[in-house]
**Student:** 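Attaching a single structure in structure tokens format; questions to follow.
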Amino acid sequence: MIEIFFSVVSAVFPVGCIVLIGFIFAKKFSIDEPTLSKLALYVLFPALLTDIMYRTTISIEEAIEMFLAFGLTYILLCLIAWGIGWKLGFSVAIQKSLIATTALPNAGNMGLSVTLFALGEAGLERAVIYLISWNIIVFSTMPAILKGEGFWSGMTFTFKLPIIWGMILGVILNSFNIELPLKLDDGLHLLREATIPVSLLLMGIQIANNRFQPGTYELGASLMRLLGGAIAAYLVAKLMSLEMLDLQVLVLESAMPSALSSFIIVNEFGGDASRTSRVVVISTLLSFLTLPLVLWAIGASS
């Protein structure tokens, strides 16, 4: 049992170390966090998606399956969060925040990193499909849920994101077997390699720059995200009879802490921004306790 525990923790520990380095660095030095965040969002993540989709061997059928699986999990979590918020008599603003933090896992910074360490390149390919699905579904629906905007407004916002165009470029290159000249594919791959470490450092910096006082709400909302997300994803995976690796990726990605984007979306479109930011930080810290349990439960401990 001890050997299993340490093998599971080994999948999370490298991620935690990089986050810790970012945390310590932010405590020692003044960091231009917005610029670093823009670098990750507008340069590194598009490069990551372009490179992976350019090299991927995953089939269209598998991509569609993961898209549907995430969509069902997302809808289920939104309904659960709304029902609990309504039952407990939360204000509309807090209900919106609970929906956002519960339904939006950190499929980018944390999700891709842990999946790569735990399930390898094959798992990472499926995690990227999950991330793409996250962007398309979340940005086309969550602003409308929080603010009341229509579907097409959300889709317009989605297609302004470089991460989507990076994915489209990668699909085109892959579909037509286009070989990049002058070893540009090597440069693209090198840029991709910087994405995960820079993103994890940014996460540590963001944790260091947030002051928080955890309360009952924050703890409960964090556990809904971390454990409730995993359970909902497992039920969806069983309902859809997913293959083992697809099940593992769906559950693992859905067990991630609340996405940093949930704060941005709530702050922009409606909800309790201060509560949302605290849940993001607390769920991220708690995830280093819950993720090893999830990895063990889905058999990703080898």
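Position 1 is the first residue of the sequence; numbering continues from there.
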**Student:** Nearest 0.5 Å, please: how far is CE in Met224 from CD1 in Ile231?
**Tutor:**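 Reported to 0.5 Å precision, the distance equals 11.0 Å.
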**Student:** Once you round to the nearest 0.5 Å, how far does CG of Leu104 lie from OG of Ser258?
**Tutor:**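 These two atoms lie 8.0 Å from each other.
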**Student:** Begin with the C-alpha distance, continue with both residues' side-chain angles, and end with the deciding distance and a verdict on side-chain contact (heavy atoms from CB on, under 4.5 Å) for Val266 and Phe263.
**Tutor:** CA-CA 5 Å; Val266 165; Phe263 168 74; 5.9 Å; no
**Student:** When rounded to the nearest 0.5 angstrom, what distance separates CG in Leu48 from CG in Asp51?
**Tutor:** 7.5 Å
**Student:** Step by step, would you call Met256 with Leu291 a side-chain contact (heavy atoms from CB on, under 4.5 Å)?
**Tutor:** CA-CA 8 Å; Met256 293 298 142; Leu291 283 176; 3.8 Å; yes
**Student:** Quick one: hydrophobic cluster around Leu191, which other residues, with the 4.5 Å side-chain cut-off, linked directly or via members?
**Tutor:**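 Its cluster partners, ordered by chain and number, are Phe25, Phe29, Ile31, Leu36, Leu39, Val43, Leu44, Val198, Leu202, Ile205.
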**Student:** When hydrophobic residues are tied together by side-chain contacts of less than 4.5 Å, even through go-betweens, does Leu293 share a cluster with Leu235?
**Tutor:**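 No, separate clusters.
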**Student:** For the atom pair CE (Met66) and CD (Glu253), what is the distance rounded to the nearest 0.5 Å?
**Tutor:**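 One gets 8.0 Å once the value is rounded to the nearest 0.5 Å.
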**Student:** For atom CD of Glu33, is the number of surrounding heavy atoms from other residues, nucleotides or ligands below 6.0 Å larger than 12?
**Tutor:**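 Above 12, so yes.
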**Student:** Over all heavy atoms of both residues, which pair between Trp134 and Ala107 is shortest? Give the atoms and the distance, please.
**Tutor:** CD1-CB, 4.1 Å
**Student:** Do Ile137 and Phe67 have side-chain heavy atoms sitting under 4.5 Å apart?
**Tutor:** yes
**Student:** Going by atom type alone, with no hydrogens or angles, which donor-acceptor pairs under 3.5 Å involve a side-chain atom of residues 78-92 and a protein atom two or more places apart or on another chain?
**Tutor:**
residue: Ser91; atom: OG; partner: Ile94; partner atom: N; Å: 3.3

**Student:** Is the shortest heavy-atom distance from the side chain of Ile265 to the side chain of Val138 under 4.5 Å?
**Tutor:** yes
**Student:** Could you tell me whether a side-chain N or O of Gln248 sits under 3.5 Å from a main-chain N or O of Ile298, the two making a donor and an acceptor?
**Tutor:** yes
**Student:** Does a donor on one side chain sit under 3.5 Å from an acceptor on the other, for Tyr130 and Ser254?
**Tutor:** yes
**Student:** Output, in order, the C-alpha distance, side-chain angles, deciding distance and verdict of salt bridge (charged side-chain N to carboxylate O under 4.0 Å, His left out) for Asp246 and Arg126.
**Tutor:** CA-CA 7 Å; Asp246 293 320; Arg126 286 157 175 80; 2.9 Å; yes
**Student:** Under 3.5 Å, is there a donor-acceptor pair between the side chain of Glu125 and the main chain of Ala122?
**Tutor:** no
**Student:** Going only through I, L, V, M, F, W and Y residues with side-chain contacts under 4.5 Å, is there a path from Val171 to Leu180?
**Tutor:** yes
**Student:** Can you name the closest pair of heavy atoms from Ser97 and Asp272 and give their distance?
**Tutor:**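 So the minimum-distance heavy-atom pair works out to OG-N, 2.6 Å.
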**Student:** What is the distance from atom NE2 of His189 to atom OH of Tyr54, rounded to the nearest 0.5 Å?
**Tutor:**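 Rounded to the nearest 0.5 Å, the NE2-OH separation comes to 12.0 Å.
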**Student:** Which heavy atom in Ser287 sits nearest to a heavy atom in Met110, and how many Å separate them?
**Tutor:** OG-CE, 3.7 Å
**Student:** Between CE of Met240 and OG1 of Thr73, what distance do you get to the nearest 0.5 Å?
**Tutor:**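 That separation rounds to 8.5 Å.
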**Student:** Go through the side-chain N and O atoms of Ser133 and Tyr74 and say whether any donor and acceptor fall under 3.5 Å apart.
**Tutor:**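 No, no side-chain donor-acceptor pair sits under 3.5 Å.
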**Student:** Yes or no on side-chain contact (heavy atoms from CB on, under 4.5 Å) for Ile132 and Met53, after CA distance, side-chain angles and deciding distance?
**Tutor:** CA-CA 11 Å; Ile132 293 168; Met53 296 308 296; 4.0 Å; yes
**Student:** Can you see whether Thr101 engages Ser262 through a side-chain donor-acceptor pair at a distance of less than 3.5 angstrom?
**Tutor:**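 No, because no side-chain N or O of Thr101 sits under 3.5 Å from a partner of the opposite role on Ser262.
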**Student:** Quick one: does Thr195's side chain have a donor or acceptor within less than 3.5 Å of a partner on Arg192's backbone?
**Tutor:** yes
**Student:** Which heavy atom in Leu77 sits nearest to a heavy atom in Gly228, and how many Å separate them?
**Tutor:**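 Of all heavy-atom pairs spanning Leu77 and Gly228, the closest is CD2-O, 3.8 Å.
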**Student:** Quick one: do Leu169 and Leu184 end up in the same hydrophobic cluster if we chain Ile, Leu, Val, Met, Phe, Trp and Tyr together by side-chain heavy atoms under 4.5 Å apart?
**Tutor:** yes
**Student:** Between Ile163 and Pro46, what is the shortest heavy-atom contact and its length?
**Tutor:** N-CG, 3.9 Å
**Student:** Measure from the side-chain N and O atoms of Thr50 to the backbone N and O of Gly166, and report whether any donor-acceptor pair falls under 3.5 Å.
**Tutor:** yes
**Student:** Search all heavy atoms of Phe288 against all heavy atoms of Gly16 and return the closest pair with its distance.
**Tutor:** CE2-CA, 3.5 Å
**Student:** Between Val114 and Phe117, is there a side-chain heavy-atom distance shorter than 4.5 Å?
**Tutor:** no
**Student:** Could you tell me whether the side chain of Asn177 and the main chain of Leu173 form a donor-acceptor pair under 3.5 Å?
**Tutor:**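 No: the side chain of Asn177 does not pair with the backbone of Leu173.
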**Student:** Does the side chain of Glu179 reach to within under 4.5 Å of the side chain of Asp185, using non-hydrogen atoms?
**Tutor:**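 They are not in side-chain contact.
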**Student:** Donor-acceptor check, side chain of Lys96 to backbone of Leu146, threshold 3.5 angstrom: yes or no?
**Tutor:**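 Pair found, side chain donor or acceptor close to backbone of Leu146.
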**Student:** Counting only heavy atoms not in Tyr234, do more than 12 sit closer than 6.0 Å to its OH atom?
**Tutor:**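 Open: at most 12 neighbouring heavy atoms sit under 6.0 Å from OH of Tyr234.
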**Student:** Would a hydrophobic clustering, with Ile, Leu, Val, Met, Phe, Trp and Tyr connected at side-chain separations under 4.5 Å, put Leu190 with Leu124?
**Tutor:** no
**Student:** Does Ile99 offer a backbone N or O that forms a donor-acceptor pair with the side chain of Thr102 under 3.5 Å?
**Tutor:**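 It does not hold such a pair.
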**Student:** Between Leu72 and Leu76, is the side-chain contact (heavy atoms from CB on, under 4.5 Å) condition met? List the steps.
**Tutor:** CA-CA 6 Å; Leu72 289 174; Leu76 180 58; over 6 Å; no
**Student:** List in chain and number order the residues that pass side chain to side chain contact (heavy atoms under 4.5 Å, CB included) with Asn174, two or more places apart in sequence or in another chain; answer none if no residue qualifies.
**Tutor:**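 For Asn174 the side chain to side chain contact (heavy atoms under 4.5 Å, CB included) partners, ignoring immediate neighbours, are Thr56.
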**Student:** Membership question, hydrophobic clusters at under 4.5 Å side-chain separation (ILVMFWY): are Met244 and Val249 in the same one?
**Tutor:**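 Looking at the clustering, Met244 is in a separate group from Val249.
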